[in-house]
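Accompanying notes for the structure given below.
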Amino acid sequence: MSNTNQSSVTEFLLLGLSRQPQQQQQLLFLLFLIMYLATVLGNLLIILAISTDSCLHTPMYFFLSNLSFVDVCFSSTTVPKVLANHILGSQAISFSGCLTQMYFLFMFVDMDNFLLAVMAYDRFVAICHPLHYTTKMTHQLCILMVAGSWVTANLNVLLHTLLIAQLSFCGDNIIPHFFCDVTPLLRLSCSDTHLNELIIHTEGAVVIVTPFVCILVSYIHITCAVLRVSSPRGGWKAFSTCGSHLTVVCLFYGTIIAVYFNPSSSHSPEKDTAATVLYTVVTPMVNPFIYSLRNRDLKGALQKVVQGHTFCLLRKYLDRPFF
């Protein structure tokens, strides 16, 4: 069969919540809605607090604001479609819509991956080379690292998307997920997918593993630097600045490994769906709470934003004429 995109399948069916009983579907719909609103509100508050507080205009918070923006976009690629399908009573997503969703979803996964590595490098410089921090972590370098991450993520995902677009789909069109994932799409294809799988296991693996290795190397150096500090209290204080980042790293990579690096024999549609919910919905939601609860400066900036917004609303209400 030709490897050109002459697919008889024009749309796919996302099973998503439809495999659950009706009462559970209603509960899951409400849960998804609450988590999505919490994700958007929490991450936007982080971005607003960092942009309005001049004390937070540092490399660490610059990367954090970018991570929050990516998390909002990440969650927005899947959850609104799930909610819309539930309201409309539909499971369908068009072929082009499926590819588009997959493109943006994995682009934002790559961006999360790269930004976590960049943030680990920032902590490495801050703890291991504190006297040279301002000269090494310049504004130009920060912008260059973020821009390079965007370019690399787009090129990587574009390659995989173009390869999948060349496949033919002429049989089953049911995807046992609530979003278009690459593995179910390859299983549904009636074309030869060896090239796609080869690229995923080589180039795709390098893109994911390289930042993870950078994070490990950074934290090895950070741990060694902390252990060399004569004062245990000073060492703990230095390492505590990495606590939030380390928590997010463990949560992000832990869920990715649970989904994509487990033996195929241990996979089931229910387990895969639960694991993908963790890294596509739960992780972007909890990131703002992890960073704000463990960071005194950010917590103070968030309080200023909330209090200032509340004061403006109260003032508008009081200034409103009664008649």
Side-chain angles (χ1 to χ4, degrees), residues 3-7 9-16 36 39-40 43 66-85 90-117 146-169 173-189 191 193 195-211 252 255-256 259-260 272-273 275-277 279-281 283-284:
N3 237 22
T4 56
N5 185 22
Q6 296 176 351
S7 173
V9 174
T10 58
E11 66 179 19
F12 296 99
L13 298 180
L14 299 172
L15 290 187
Y36 180 64
T39 299
V40 173
N43 283 288
N66 277 273
L67 183 67
S68 293
F69 172 74
V70 168
D71 281 343
V72 171
C73 299
F74 184 23
S75 188
S76 297
T77 58
T78 56
V79 180
K81 180 63 178 174
V82 173
L83 300 178
N85 280 3
S90 169
Q91 301 172 352
I93 184 171
S94 66
F95 183 84
S96 59
C98 188
L99 290 183
T100 302
Q101 184 186 63
M102 189 190 70
Y103 178 92
F104 284 104
L105 178 71
F106 287 103
M107 182 187 69
F108 293 128
V109 169
D110 285 353
M111 278 304 300
D112 263 344
N113 194 30
F114 294 146
L115 286 173
L116 289 174
V146 171
S149 298
W150 280 106
V151 172
T152 307
N154 275 278
L155 290 177
N156 172 55
V157 180
L158 182 61
L159 172 62
H160 295 285
T161 306
L162 290 176
L163 287 174
I164 290 180
Q166 299 303 310
L167 298 177
S168 295
F169 297 87
N173 68 336
I174 296 176
I175 298 177
H177 275 302
F178 60 93
F179 66 90
C180 288
D181 199 358
V182 62
T183 304
L185 281 176
L186 293 181
R187 288 175 184 163
L188 293 178
S189 175
S191 301
T193 61
L195 178 60
N196 301 74
E197 293 170 0
L198 178 64
I199 296 297
I200 288 172
H201 291 119
T202 54
E203 187 270 347
V206 168
V207 168
I208 293 294
V209 171
T210 302
F252 178 76
T255 52
I256 291 288
V259 175
Y260 296 107
D272 286 350
T273 300
T276 50
V277 167
Y279 88 87
T280 59
V281 183
T283 302

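In what follows, residues are counted from 1 in the order of the sequence shown. The model shown is predicted, which means the values in this text are computed figures rather than measured ones.
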Do you know the tightest heavy-atom contact between [X] and [Y]?
X      : Y      : value
Pro211 : Asn113 : CG-ND2, 3.4 Å
Thr39  : Val281 : OG1-O, 4.0 Å
Leu116 : Leu67  : CD2-CD2, 4.4 Å
Thr77  : Leu105 : OG1-CD1, 3.5 Å
Pro184 : His177 : CG-CD2, 3.6 Å
Val146 : Met111 : O-CE, 4.5 Å

Quick one: pull up [atom1] in [X] and [atom2] in [Y] and give me the separation to the nearest 0.5 Å.
X      : Y      : atom1 : atom2 : result
Ile164 : Gln166 : CD1   : CD    : 11.0 Å
Asp71  : Thr280 : CG    : OG1   : 11.5 Å
Lys81  : Ser76  : NZ    : OG    : 14.5 Å
Asn173 : Leu13  : CG    : CG    : 4.5 Å
Thr193 : Ile199 : OG1   : CD1   : 12.5 Å
Ile200 : Asn196 : CD1   : CG    : 6.0 Å

Do [X] and [Y] have side-chain heavy atoms sitting under 4.5 Å apart?
X      : Y      : result
Ile93  : Cys180 : yes
Asp181 : Phe106 : yes
Val207 : Phe114 : yes
Cys98  : Leu185 : yes
Val79  : Leu83  : yes

Can you list the residues that meet the side-chain contact (heavy atoms from CB on, under 4.5 Å) rule with Phe69, with sequence neighbours excluded?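 So Phe69 forms a side-chain contact (heavy atoms from CB on, under 4.5 Å) with Ile47, Cys73, Trp150.
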Between Ser189 and Leu167, is there a donor-acceptor pair closer than 3.5 Å when you use the side chain of the first and the backbone of the second?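 Such a contact is absent between Ser189 side chain and Leu167 backbone.
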Backbone of Leu14 reached by a side-chain donor or acceptor of Gln91 within 3.5 Å: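 A pair under 3.5 Å: no.
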Do Phe74 and Phe104 have ring centres separated by under 6.0 Å?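 Ring centres of Phe104 and Phe74 not closer than 6.0 Å.
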Between Asp112 and Phe108, is a side-chain contact (heavy atoms from CB on, under 4.5 Å) present by the stated rule, with each step listed? CA-CA 6 Å; Asp112 263 344; Phe108 293 128; 5.9 Å; no
Give the intermediate values and the outcome of side-chain contact (heavy atoms from CB on, under 4.5 Å) for residues Asn85 and Phe178. CA-CA 10 Å; Asn85 280 3; Phe178 60 93; over 6 Å; no
Partner residues of Glu11 under the side-chain hydrogen bond (donor to acceptor under 3.5 Å, both in side chains) criterion, sequence neighbours left out: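 Not a single residue meets the side-chain hydrogen bond (donor to acceptor under 3.5 Å, both in side chains) criterion with Glu11.
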Under the side chain to side chain donor-acceptor pair (under 3.5 Å) definition, can you give me all pairs with a residue in residues 153-164, not counting sequence neighbours?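 Pairs touching residues 153-164 that pass the test: Tyr103-Asn154, Asp110-Asn156, Asn156-His160, His160-Glu203.
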